[in-house]
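Reviewing the structure listed below.
Keep in mind it's a predicted model, so treat the numbers as computed, not measured.
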Amino acid sequence: MWLGIDLGTSGVKSVITDSAGVVVAQHAAPLEVQRPQALWSEQDPATWWTAAKASILALPSDLRANVRGIGLSGQMHGAVLLNEADEVLRPAVLWNDGRSSHHCKTLDPRARQHTGNLAMAGFTAPKLLWVREHEPEIFAATKTVLLPKDYLRLILTGEKVGEMSDASGTLWLDIANRCWSQDMLAITGLDQSFMPALVEGTQTSGNLRGAIATELGLPIVPVAGGAGDQAAGAIGAGVTEPGQAFLSLGTSGVVFAASNAFEPAPANGVHAFCHALPNRWHTMTVMLSAAACLDWVTKLTGYSNVGVALEAAANSAAATEKLPIFLPYLSGERTPHNDPTAKGAFIGLTHETGPAELVRSTLEGVAFGLRDGIDAMPNRPNELSVIGGGSQSVYWAQILADALAVPLIYRDAADVGPANGAARLARLAVTGETIGEVCTQPAEQARYLPQTQDNGRLERFRSLYSALKSSFGEF
């Protein structure tokens, strides 16, 4: 048995897979995000451990007793600041936090040079510049900076270790050479002593501590390096080879394409990161609010849940060309705009616009935002596997296929996702099996082909961002 733990934004999910890679048990424990000010997004790391324990202990005890290895996955970019005693100094600043946008101007030229990526407010390095300016006493007390999943690793193993895929999103990693960049660390007033050791996702990072093993009903087993959530999702979806790509419809929306080479494209806001596998990289586009927009509009319109909202949208008889255009920038945006001040908007409301039409516009707007990302990639994918909680709607699937203009392959949801990818990385770390043997693609369940031609709405969507950009900062 293999245990995969995924520390997400909205919850911690733990899965156990068997020797065939089949998920035999899973459980998720919820998390909440605190937003003390506009554009801020924080979580207390103590809640991560509470949720992780709950998700693991909910798994059958007989399966837990037979676990041979653990893999970790997690939300990227978050800044966990520890003092000399490894105590958390402040709430973790999360990936979708925009407070450090103006610090990116300081970092950007050298970030492009040393990391091949734009400096974006969501990344970790700008957060430390913000802390240094606004919370100097916290900055002075900081002795270690960890990413979210690596804070869980510290609790589990007592080791301060990170891995290449997650570290790529800090702006401190020399991604081409897979090591910390002394130049980028120096810009933020840090050096390598503040950073964890680095391993590949398929390597062992330490062993489960005895007291923790007893508390969780687990043997003392190796903990693999693991991966950032998107790279782990790619491992779970079997996206490991050049030409393979997936679309993740989680809180954020991600298009991820595997590669054998480092292929930076910073001018387009595309991320070029290490994959979780040795000598592999990937390009990735990110929109900050994807399925999160659907959750938001469901509450806004008063539907009891997302499923009811989707059903109402599917039954709406309004002509598509009469729908409002929705800009999905509820948390700012990354690819391609790199604009943390961007705001959401409905444009074109009339007396005929009802709740169902608002939901339809939201689904379309998220699809158009994802299309912006795909069109910014250096190599456009020929097809996309689809994973994530937002991938369960047949109605949305066709909207996405039409907007993205590529075939979408929906795979067995039981065996797809970052937690499963983390379990696969644990298996690779312990058994010595090959990537091809472990990282197979889950069974195809449905395929959606583009059916309708663009009717001009994508162009209108893009023109509205340009027209409104100058006013976003006023809100």
Side-chain angles (χ1 to χ4, degrees), residues 2-15 17 21 23 26 28 71-78 95 147-149 163-169 201-202 224-241 244-259 271 273-277 280-288 290-292 334-335 370 373-374 377 381 383-392 400 408-428 435 438-445:
W2 310 98
L3 174 62
I5 306 167
D6 176 41
L7 167 55
T9 311
S10 58
V12 178
K13 181 178 181 180
S14 295
V15 305
T17 64
V23 175
Q26 59 184 301
L72 299 175
S73 165
Q75 50 170 296
M76 297 179 67
H77 313 302
W95 59 274
L147 294 165
K149 81 172 192 318
E163 50 71 41
M164 305 302 174
S165 68
D166 214 357
S168 296
T202 56
D229 53 1
Q230 301 306 328
I235 298 298
V239 175
T240 62
E241 303 297 329
Q244 295 179 332
F246 76 84
L247 163 64
S248 173
L249 285 173
T251 301
S252 60
V254 171
V255 178
F256 180 114
S259 173
H271 304 337
F273 288 169
C274 299
H275 206 330
L277 305 170
R280 311 247 175 132
W281 287 260
H282 69 270
T283 54
M284 183 170 71
T285 72
V286 179
M287 65 179 299
L288 292 178
R334 285 203 196 167
T335 313
L370 292 166
I374 286 180
M377 299 183 84
E383 63 180 27
L384 293 168
S385 295
V386 184
I387 67 173
S391 66
Q392 305 307 308
L400 288 163
L408 301 182
I409 303 168
Y410 282 61
R411 300 192 181 276
D412 186 351
D415 294 330
V416 172
N420 182 48
R424 287 180 167 191
L425 290 168
R427 184 175 162 192
L428 287 168
I435 294 168
V438 175
C439 301
T440 56
Q441 292 196 320
E444 179 177 326
Q445 299 215 319

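Distance check, rounded to the nearest 0.5 Å: CZ of Arg411 to CD of Gln445 gives 10.0 Å. Taking CG of Leu72 as the reference point, atom NZ of Lys149 lies at 7.0 Å (rounded to 0.5 Å). To the nearest 0.5 Å, atoms CD1 (Ile435) and CG (Leu277) are separated by 4.5 Å. With rounding to the nearest 0.5 angstrom, the CG atom of Leu370 is 10.0 Å from the OG1 atom of Thr335. Of the inter-residue distances, the one linking Phe246 atom CZ with Gln441 atom CD reads 11.5 Å to the nearest 0.5 angstrom. Atoms OG and CD, from Ser259 and Glu241 in turn, are 10.5 Å apart once rounded to the nearest 0.5 Å.
What you find for Gly373 and Thr285 is that their closest heavy atoms are O-CG2, 3.1 Å. Across Gly253 and Ala290, no two heavy atoms sit closer than the pair N-CB, 3.4 Å. Residues Ser168 and Cys274 share a closest heavy-atom pair of OG-N, 3.1 Å. What you find for Ala276 and Ile235 is that their closest heavy atoms are CB-CG1, 4.3 Å. Pairing each heavy atom of Met76 with each of Trp95, the nearest pair is O-CB, 3.1 Å. Minimum heavy-atom separation, Leu147 to Gly78: CD2-O, 3.4 Å.
Leu428 places a side-chain heavy atom less than 4.5 Å from the side chain of Cys439. At least one side-chain heavy atom of Val286 sits under 4.5 Å from a side-chain heavy atom of Leu288. Side-chain contact between Glu163 and Leu425 is absent, with no heavy atoms from C-beta onward closer than 4.5 Å. The shortest distance between side-chain heavy atoms of Leu384 and Ile374 falls below 4.5 Å. Looking at His271 and Gln230, their side chains never come closer than 4.5 Å, going by heavy atoms from C-beta outward.
When atom types are taken as modelled, the side chain of Ser165 and the backbone of Gly228 share a donor-acceptor pair closer than 3.5 angstrom. Checking side-chain atoms of Gln75 against main-chain N and O of Gly8 turns up a donor-acceptor pair under 3.5 Å. When atom types are taken as modelled, the side chain of Arg424 and the backbone of Thr440 share a donor-acceptor pair closer than 3.5 angstrom. At distances below 3.5 Å, not a single donor-acceptor pair connects side-chain atoms of Arg280 with backbone N or O atoms of Ala258.
Between His282 and His275, the ring-plane angle classifies as perpendicular under the 30° and 60° cut-offs.
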For a side chain to side chain contact (heavy atoms under 4.5 Å, CB included) check, start with the C-alpha distance between Leu400 and Leu249, then their side-chain angles and the critical distance, and finish with the verdict.
CA-CA 11 Å; Leu400 288 163; Leu249 285 173; 3.5 Å; yes
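For the pairing with Ser73, the side chain to side chain donor-acceptor pair (under 3.5 Å) check across Asp166, Asp6, Asp229 returns one residue only, Asp6.
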